[in-house]
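Below is one structure, written out as structure tokens, with a few remarks after it.
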Amino acid sequence: MEPAGERRMSETFSAEARLIHAGTSRAPAQSAAPPLVPTTIYVSEGAPRRDRAYGRDGNPGWEALEEALGGLEDAEAVAFASGQAASMALMLTLAKGRERIVLPADGYYGARVLADKLRPHGAVPVHVDLQDLAAVARELKAAPAVLWAETPTNPLLRVADLAGLAEAAAAADAPMIVDNTTATGLLQRPLDWGAAASLYSLTKAISGHSDVIAGAVVSRDAELLTELRAWRGSGGAIPGPFEAWLALRGLKTLPLRIARQSASALAVARYLAGHRRVRAVHYPGLELTTLVGRQMPDGFGPLLSFEVDAEVDSGPAADRVVASSRLILPATSFGGVESTWERRARWPGETAPAGLIRLSVGIEPAADLIADIGQALAGQEVP
């Protein structure tokens, strides 16, 4: 039974306020900070308590992190060792009895890799433009399927209609999964739009400090959550106690960070959109459609991408821009407090244009970032 104090908090206060206190005991003389519990065993006699039978079955640190994450979407969370581990557990759980996984044509390449590995087990990956709802509906009805959505997509930041996708998925009796890593549960709540589960790489904006690899699934489906926990335990895809502690510590400042990053990213995107050496800028806030405003009413996140305008060899030109930075760090991943960028097409299997640079805006002042980007673009033509 939920303690009265916790019940009053969940009924009274916002998700942002509640995540600050997740994992903290209100009992006298208890630590105000969530504890770090690096144990592999628990004292156990008689009938085993499932979540305290062995270190692979449960940890107070995971549970505090899951409480905070689940609260962002009024649901429950299951934490994993990485976003890919969470994705694998979802695919293995949901692909059973289904013949295909319908994925975005321009989504995260790691999901495509995992889906390809399921092909020998009968689940064939099918790639489709998620903005084409008729095409999505056709592919879902062609055979029993899972809809693996991502919005905004990485790295082109395209926004798909979650309500429309959910309607197509429901008509085909296909569960819809939404990779919500880019937006986080603060800026977008896929479960409210009909998703069976939201998927997160906690490595990105949620932990926010580029010092932990972890992942999670958030859902309101009790049966799905039970199966995911079983896959996590039997497959050993568990987060370490210290990783869970770090992710929760970072999550508590997410509301502050994501607000600053979203505002700065919009300012940077507007600057890039007016720059003569930039061919295209991809950011949901630049052309605020009714759809984007409805799904992401509180901001558009830290991630944007842009294409360098070069008559020939846009790839090398983009490489020179990245190398010319004096502030922005050349690195992969996104969502950290430090700004990072990279030319995405340098990675095998990436579908991004050759000259596309993905930029993760950190919490530095926007004016400093714009100054650094300006000088980097000014020197792009230097061999």
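This is a predicted model, so every value here is computed, not measured.
When atom types are taken as modelled, the side chain of E307 and the backbone of A318 share no donor-acceptor pair closer than 3.5 angstrom. For the pair K252 (side chain) and A22 (backbone), a donor-acceptor distance under 3.5 Å is present. Remark: side-chain polar atoms of E364 are paired, donor with acceptor, to backbone N or O of S339 under 3.5 angstrom. When atom types are taken as modelled, the side chain of Y271 and the backbone of A367 share no donor-acceptor pair closer than 3.5 angstrom. Put simply, the side chain of T203 gets close to the backbone of A214: a donor and an acceptor are under 3.5 Å apart. Although no hydrogens or angles enter the test, the distance criterion places no donor-acceptor pair under 3.5 Å between the side chain of D313 and the main chain of G315. Using modelled atom types, no side-chain atom of R326 and backbone atom of D372 make a donor-acceptor pair closer than 3.5 Å. Without hydrogens or angle criteria, T93 side chain to L228 main chain gives no donor-acceptor distance under 3.5 Å. Side-chain atoms of R56 come within 3.5 Å of backbone N or O of G233 as a donor-acceptor pair. Not one N or O on the side chain of S198 forms a donor-acceptor pair closer than 3.5 Å with the backbone of V178.
Considering all non-hydrogen atoms of both residues, I258 and A205 come closest at CD1-CB, 4.4 Å. Counting all heavy atoms, side chain and backbone alike, A196 lies closest to P175 at CB-CB, 4.3 Å. Shown here for V322 and P330, the closest heavy-atom pair between the two residues is CG1-CB, 3.7 Å. Scanning both residues, P104 and W148, for their nearest heavy atoms gives CD-O, 2.9 Å. Heavy-atom minimum distance, V128 versus A135: CG2-CB, 3.7 Å. Heavy-atom minimum distance, A273 versus L286: CB-CD1, 4.3 Å.
Atom CD of E350 is surrounded by more than 12 heavy atoms from other residues, nucleotides or ligands within 6.0 Å. Residue Y54 places its OH atom among 12 or fewer non-hydrogen atoms of other residues, nucleotides or ligands, all under 6.0 Å distant. A 6.0 Å sphere centred on CZ of R260 holds more than 12 heavy atoms belonging to other residues, nucleotides or ligands. By the neighbour-count criterion of 12 heavy atoms within 6.0 Å, atom CZ of R50 is sparsely surrounded, having that number or fewer from other residues, nucleotides or ligands. Within a 6.0 Å radius of CG in L369, other residues, nucleotides and ligands contribute more than 12 heavy atoms. Counting heavy-atom neighbours within 6.0 Å of W231 CH2, excluding the residue itself, gives a total of 12 or less. Crowding of D173 atom CG: a count of heavy atoms from other residues, nucleotides or ligands under 6.0 Å not exceeding 12.
Using modelled atom types, one finds a donor on one side chain and an acceptor on the other under 3.5 Å when comparing T153 with D106.
P241 is listed as a side-chain neighbour of L36, based on a closest heavy-atom distance under 4.5 Å. For the pair K204/P302, no side-chain contact is recorded, criterion being any heavy-atom separation below 4.5 Å from C-beta on. Between Q261 and I363, some side-chain heavy-atom pair lies under the 4.5 Å cut-off. Between R344 and I357 there is no side-chain heavy-atom pair separated by less than 4.5 Å. Between L303 and L359, every side-chain heavy-atom pair lies at or beyond the 4.5 Å cut-off.
A salt bridge between R220 and E76 is absent, with no side-chain N of the basic residue lying under 4.0 Å from a carboxylate O of the acidic one. Residues R189 and D74 are paired through a salt bridge, judged by an N-O separation under 4.0 Å between the basic side chain and the carboxylate. For E63 and R52, the salt-bridge test passes: some basic side-chain N is under 4.0 Å from an acidic carboxylate O. Note on D309 versus R277: no salt bridge recorded, every NZ/NE/NH1/NH2 to OD/OE distance being 4.0 Å or above. A salt bridge links E66 to R232: at least one charged side-chain nitrogen sits closer than 4.0 Å to a carboxylate oxygen. Taking a cutoff of 4.0 Å between a charged side-chain nitrogen and a carboxylate oxygen, R229 and E227 do not qualify as a salt bridge.
Rounded to the nearest 0.5 angstrom, D51 CG and W62 CH2 are separated by 10.0 Å. Atoms OG1 and CG, on T181 and L199 in that order, are 5.5 Å from each other to the nearest 0.5 Å. Here the CG atom belonging to L224 is positioned 4.5 Å from the OG atom belonging to S219, to the nearest 0.5 angstrom. Separating the OG atom in S201 from the CD atom in Q84 is a distance of 8.5 Å, to the nearest 0.5 Å. To the nearest 0.5 Å, atom CD of residue E342 and atom CG of residue L356 are 10.0 Å apart. In this structure, L254 CG and L19 CG are separated by 7.5 Å, a value rounded to the nearest 0.5 Å.
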Give the intermediate values and the outcome of side-chain hydrogen bond (donor to acceptor under 3.5 Å, both in side chains) for residues Y108 and D179.
CA-CA 9 Å; Y108 175 52; D179 187 334; over 6 Å; no
Kindly indicate, with the supporting measurements, whether the criterion side-chain hydrogen bond (donor to acceptor under 3.5 Å, both in side chains) is fulfilled by S210 and E338.
CA-CA 9 Å; S210 305; E338 67 287 298; 2.7 Å; yes
Given T182 and N154, is the side-chain hydrogen bond (donor to acceptor under 3.5 Å, both in side chains) satisfied, shown in steps?
CA-CA 8 Å; T182 300; N154 169 19; 5.7 Å; no
Using the rule given for side-chain hydrogen bond (donor to acceptor under 3.5 Å, both in side chains), can you reason through Q188 versus W193, listing the C-alpha separation, both sets of side-chain angles and the distance that settles it, and then say yes or no?
CA-CA 10 Å; Q188 183 171 259; W193 298 98; over 6 Å; no
side-chain contact (heavy atoms from CB on, under 4.5 Å), that's the test. Do R358 and T332 meet it? Break it down for me.
CA-CA 9 Å; R358 188 183 69 181; T332 195; 3.5 Å; yes
List the steps and the verdict of side-chain contact (heavy atoms from CB on, under 4.5 Å) for N180 and V218.
CA-CA 10 Å; N180 201 38; V218 177; over 6 Å; no
S262 and L187: side-chain contact (heavy atoms from CB on, under 4.5 Å), yes or no, with the steps?
CA-CA 10 Å; S262 294; L187 301 184; 3.8 Å; yes
Go through the steps to decide whether W341 and F306 satisfy the test side-chain contact (heavy atoms from CB on, under 4.5 Å), and finish with yes or no.
CA-CA 11 Å; W341 61 2; F306 64 98; 3.9 Å; yes
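Under a hydrophobic clustering in which Ile, Leu, Val, Met, Phe, Trp and Tyr are joined whenever their side-chain heavy atoms come within less than 4.5 Å, directly or via other members, L94 and M88 fall into the same cluster.
Ring-plane geometry between W245 and F242 is classed as parallel, the angle between the planes falling under 30 degrees on a 0 to 90 degree scale with a further cut at 60.
A side-chain contact (heavy atoms from CB on, under 4.5 Å) with E139 is found for one member of L103, L147, D132, V102 and no other, namely V102. Each of T289, T151, L130 was checked for a side-chain contact (heavy atoms from CB on, under 4.5 Å) with V159, and the lone residue meeting it is T151.
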